[in-house]
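Proteins get letters first, then strands, A, B, ... in listed order; numbering begins at 1 in each.
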Amino acid sequence: MNVFKDLRSKVVAQLEDMAAAGEIPTGLDFSRVAAEPPRDSSHGDAATNAAMVLSKVAGMKPRDLASLLATRLENLDVIKSVEIAGPGFINLRLDEKFWFEQVGTILKAGTSYGDSDMGQGEKVNVEYVSANPTGPLTVGHARGAVVGDALAALLAKVGYDVCKEYYINDAGNQVNVLANSAYLRYREALGEDIGEIPEGFYPGEYLKDVGKALADRDGDKWLGKEEADWISDVRKFAIDQLLNLIRDDLAALGVVMDVYSSERALVEAGGVDEVMKFLEANDLVYTGVLEPPKGKKPDDWEARPQTLFKSTDFGDDVDRPIKKSDGSWTYFAGDMAYHLDKYRRGFNTMINVWGADHGGYIKRMQAAVTAMTEKKGSLDVKVCQLVNLMRGGEMVRMSKRSGNFITLRSVIDEVGKDVVRFIMLTRKNDASLDFDLEKVVEQSRDNPVFYVQYAHARSCSVLKHSKNEFPDMDLSIEALEQVDLSQLNSEGELSLIRRLCEWPRLLESAGEAHEPHRIAFYLYDLAGELHGLWTKGKDNARLRFIVTDDQDLTQARMALVKATSLVIASGLDVFGIEPAKEMR
RNA sequence: GCGCCCGUAGCUCAGCUGGAUAGAGCAACUGACUUCUAAUCAGUAGGUCACAGGUUCGAAUCCUGUCGGGCGUGCCA
């Protein structure tokens, strides 16, 4: 049940009646007509822009059109009052009874309140993390992981059929570097002194375990052999080990993928050849020489003919190589095959969550998707900007060369996965984000995780206390749904109810925009309303949630508190966060 | 050079896809607080939405240009 969607259809119905009655022309386009909560709540519960949007095509002054429509709306029974304001807004005030009924609706729906069928079961593929299997996950990876995960959950909540996917880059050069690094550690595990890790190898300590595991499995079987003999086996072994490591890191963050897709498997199955065939058949490739890059010193640049994809035909800036000058495939070629594969698996809508350093790659990938799906597929790329890890206001510097980077795991161990998840969602993806290890565990309004969790914990606490105060009060959902809420008519209470009713609408707009961070801001505001109400009880005992001499009033308040905690829990659920029952 | 992102209160950021008098938190100032769990709440102050044009009933939001910051810019993945 979405209050505003419902109102909008009531408005449109009236407009259709007006057209039928000859008051306005027939056949008008109502798609821009909206019914939304006004920014300033003093304007009422909802406002429609119908008169302003339609005045021109209807050939009427906005105010005249508004007054015709207003008269009709006034006669609807849920509407308490109607007023025309400003340039032609129609402000609607709804009957309080209507709002009270919504609390019952929320209680009945529970955490499924806000679920929507907007997506119509459409298949959507969300690809995220996709970190190279060459090391443990870092804080940087965590942002993409959380944003992708929450976006997937959000889309599922509003009615899409979502597949969460991880693309394993196991075909490029870096997995050979990995294999060589692992081989070195393998020799070390078998007693050899390997000294300093040379340039061009991954130095990380985690590879010791990989080398040891390989030695345990295969003994000295690869020792003293040519690289060509062991590379393929060792590479596969190392990749599997690293993927297990990454999977564990993701699990510690609460992320579970539906599908892991291997680049190597795709290439070996002929995916790239198929892409080439398609491109050739459609005259989308040619052999050419690219201009030298500008703005960068073309030190060792020399002109070389390559196989190029005509991505400029689809909005890219230059055509992109799919074959290197030595004849091997570029990363892009494999990625094209991968996206074609996704499309073939039934995903017309694809969303990729990428790190900031991949910004320059978006256009060519979108061009590729457009070309390969003959415009039937779409690709949205969410680029996550950098996370600045801080401690007490100071930047935590990481040096990659020494292999001394901050792992995701160590951060989770320090502050907990729920904190990491929430903080990663407190900024829109394309803005950079400060993550202060001290601030995020502070107990203050400045720390949104705490503030929201505290609101939930406070609800739980209040419910528990009310039960102590009135042992025979029925707090079951069934009972609370039936409670008469007409006493909850203070401004704070009605404002909280209205806020709760915005939840379904917020979910849909956040889902449509692919912006899960909006939920974080909503929850923060919602928590603020609850804390505000709570403190009113200090001035006036009658306004406390628990009124010791009035069980009926208390029970009504409990219905509202319960509904609030359900919406908070449901928001946190989209974020994959466990709501706190108490603060310690 | 070109492309993408960003520019909103002293600071950190929202702004619901074009709505009414642009909102929060922090910091500052004033007040409430023997509690249903203390870590909160109420209020004051703070703005040329970088700048200049344009589109229209209406622009922080869309378009063009300028300035400033970040990222990316052949055969890495």
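Cation-pi geometry between R505(A) and F4(A) is met: the NZ or CZ atom falls under 6.0 Å from the ring centre, inside 45° of the normal. Taking the centre and axis of the six-membered ring of W329(A), the NZ or CZ atom of K323(A) falls inside the cone set by 45° and 6.0 Å.
Distance, Q174(A) CD to rC75(B) P: 14 Å, rounded to whole Å. In this entry the distance linking CD of E515(A) with C1' of rA14(B) reads 11 Å, nearest Å. Rounded to whole angstrom, the span from the OH atom of Y451(A) across to the C1' atom of rG25(B) amounts to 10 Å. Summarising the geometry, the separation between CZ on R499(A) and C1' on rA24(B) is reported as 10 Å, rounded to the nearest angstrom.
If you check every strand for non-hydrogen atoms under 4.0 Å, H358(A) touches a base. Among the heavy atoms of the strands lying under 4.0 Å from Y361(A) is at least one base atom, whether or not backbone atoms are also near. Residue Y522(A) is out of contact with every strand shown, counting any heavy-atom pair closer than 4.0 Å. S444(A) comes within contact range of the sugar-phosphate backbone alone, with a heavy-atom separation under 4.0 Å but no base atom that close. Residue-level contact check: A47(A) touches the bases, meaning some heavy atom is under 4.0 Å from a base atom. Counting any heavy atom pair closer than 4.0 Å across all strands shown, D525(A) reaches no nucleic acid atom. Among the atoms of the strands shown, only primed sugar atoms or phosphate atoms (P, OP1, OP2) are found under 4.0 Å from some heavy atom of E36(A). At the heavy-atom level, P321(A) lies under 4.0 Å from the strands shown only through sugar-phosphate atoms. Note on L506(A): nothing from the nucleic acid sits closer than 4.0 angstrom, heavy atoms only. Among the atoms of the strands shown, only primed sugar atoms or phosphate atoms (P, OP1, OP2) are found under 4.0 Å from some heavy atom of R445(A). Nucleic acid contact class of A513(A) (heavy atoms, under 4.0 Å, all strands): base. The residue K323(A) sits apart from the nucleic acid: no heavy atom pair falls under 4.0 Å. The residue S509(A) sits close only to the backbone: its heavy atoms come under 4.0 Å of sugar-phosphate atoms, none of a base. Contacts of R320(A) with the nucleic acid, taken as non-hydrogen atoms under 4.0 Å apart, are absent.
The aromatic ring of Y331(A) does not stack onto the base of rC76(B), failing the criterion of a centre distance under 5.5 Å from the six-membered base ring together with planes under 30° apart. Evaluation of Y454(A) against the base of rA39(B) yields no stacking contact (centre distance < 5.5 Å, interplanar angle < 30° required).
rU21(B) takes the anti form, because its glycosidic angle lies more than 90° either side of 0.
With both ends at atom P, the span from rG69(B) to rG58(B) equals 35 Å, rounded to whole Å. Comparing the C1' positions of rA52(B) and rG46(B) gives a spacing of 27 Å, expressed to the nearest Å. Using C1' as the reference atom, rA59(B) and rU64(B) are 15 Å apart when rounded to the nearest Å.
Using a 4.0 Å cut-off, no side-chain N or O of K536(A) falls inside it from OP1 or OP2 of rA42(B). Between Y524(A) and rG25(B) there is no side-chain polar atom (N or O) within less than 4.0 angstrom of OP1 or OP2. For rC57(B), neither phosphate oxygen OP1 nor OP2 lies less than 4.0 angstrom from any side-chain nitrogen or oxygen of R63(A).
For the pair L526(A)/L496(A), a side-chain contact is recorded, criterion being any heavy-atom separation below 4.5 Å from C-beta on. Between R320(A) and R364(A) there is a side-chain heavy-atom pair separated by less than 4.5 Å.
Comparing N447(A) and M558(A) against RNA chain B, the residue whose closest nucleotide sits nearer the 5' end is N447(A). Where A171(A) and E502(A) each meet RNA chain B at their nearest nucleotide, the meeting point lying more 5' is that of E502(A).
Scanning atom types as modelled, one donor and one acceptor separated by under 3.5 angstrom connect the side chain of R304(A) and the base of rC75(B). Counting distance only, with no hydrogens placed and no angle test, the side-chain atoms of R505(A) and the base atoms of rC16(B) include a donor-acceptor pair under 3.5 Å.
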Enumerate the protein-to-nucleotides 4-13 of chain B contacts in which both atoms are nitrogen or oxygen and the separation is below 3.5 Å.
| residue | atom | partner | partner atom | Å |
| --- | --- | --- | --- | --- |
| rC5(B) | O2' | D430(A) | O | 3.4 |
| rU12(B) | O2' | R427(A) | NH2 | 2.9 |
| rC13(B) | O2' | R427(A) | NH1 | 3.4 |

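Ring orientation note: the planes of F575(A) and F422(A) are nearly perpendicular, at an angle over 60° on the 30°/60° scale. Y361(A) and F332(A) have perpendicular rings, their planes meeting at more than 60° on a 0 to 90° scale where under 30° would count as parallel.
Donor-acceptor pairing under 3.5 Å is recorded for the side chains of N352(A) and H339(A). H531(A) and R458(A) are linked by a side-chain donor-acceptor pair at a separation below 3.5 angstrom, with hydrogens and angles left out of the test.
Y167(A) and Y338(A) have their aromatic ring centers within a separation under 6.0 angstrom.
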